[in-house]
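In what follows, a structure is listed as structure tokens, so that the remarks can point back to it.
FYI, side chains are in, hydrogens and waters are out, and symmetry mates aren't considered; it's all heavy atoms of this structure.
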Amino acid sequence: MAIQIIAQIFSLLVGIFSFYKKSISISGLTSLLIISSLFIWLNQVALLFIIFFMFASSSILSKVKKEAKKELEKVVSKTGPRDYIQALANLGTASFCMLAYVIFKEEYWLVGLLGSVATATADSW
């Protein structure tokens, strides 16, 4: 139970920090907290770290490559902080695979989760 509380506090702090840094919108923050809570309270904190890496690395790269990204933003319709649509697009499949893994205990759902997060990470980078 202690690890879940620590993970929940950590997720909240990461979310607030990301919102403060304008990496996510309020809907993105809400989505982040819902998705992370789902992983935490279903005892999948280790899998949550994979998602955290995806989110953190993508956010850092967005800030580091800000100038280069300006050219890309001229042709891409979605710019600005990540919102709930991006959260669901990037993590919806991973969340579904995690739920299926918890229910069915079949390891191929973990492979699906990892593939989904790898794809979302590659897309975000």
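Between the CG atom in Leu48 and the CG atom in Leu42 there is a gap of 11.5 Å [rounded to 0.5 Å]. The line from NZ of Lys21 to CD1 of Ile60 is 11.5 Å long, rounded to the nearest 0.5 Å. Atoms SG and CD, from Cys97 and Glu106 in turn, are 13.0 Å apart once rounded to the nearest 0.5 Å. With rounding to the nearest 0.5 Å, the separation of OG in Ser95 from CG in Leu38 is 6.0 Å. Here the straight-line distance linking atom OG of Ser124 with atom CG of Leu61 works out to 9.5 Å at 0.5 Å rounding.
Other residues sharing a hydrophobic cluster with Ile24 under the 4.5 Å side-chain heavy-atom criterion for ILVMFWY residues are Phe10, Leu12, Val14, Ile16, Phe19, Ile26, Leu29, Leu32, Leu33, Phe52, Phe55.
Leu113 places none of its side-chain heavy atoms less than 4.5 Å from the side chain of Thr93. Using a 4.5 Å cut-off on side-chain heavy atoms (C-beta onward), Ile40 and Ser11 make contact.
Linking Ile, Leu, Val, Met, Phe, Trp and Tyr residues whenever their side-chain heavy atoms come within less than 4.5 Å places Ile51 and Phe96 in a single cluster. The hydrophobic clustering, which links ILVMFWY residues whose side-chain heavy atoms are closer than 4.5 Å, places Leu13 and Ile6 apart. Linking ILVMFWY side-chain heavy atoms closer than 4.5 Å, directly or via other members, places Ile9 and Tyr20 in two distinct hydrophobic clusters. Both Met54 and Leu114 sit in one connected hydrophobic cluster of ILVMFWY residues. Membership requires side-chain heavy atoms under 4.5 Å apart, directly or through other members.
Without hydrogens or angle criteria, Ser27 side chain to Tyr84 main chain gives a donor-acceptor distance under 3.5 Å.
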Checklist entry - After noting the C-alpha distance and the side-chain angles of Met98 and Phe39, does the key distance pass the side-chain contact (heavy atoms from CB on, under 4.5 Å) rule? => result CA-CA 8 Å; Met98 186 273 302; Phe39 277 75; 3.5 Å; yes
Item to check | Tyr101/Tyr108 under side-chain contact (heavy atoms from CB on, under 4.5 Å): CA gap, chis, key distance, verdict | outcome: CA-CA 8 Å; Tyr101 172 71; Tyr108 54 80; over 6 Å; no
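Every pair passing side-chain hydrogen bond (donor to acceptor under 3.5 Å, both in side chains) that includes a residue from residues 37-59 is listed here, sequence neighbours excluded: Gln4-Asn43, Gln8-Ser37, Gln8-Trp41, Ser57-Trp125, Ser59-Arg82.
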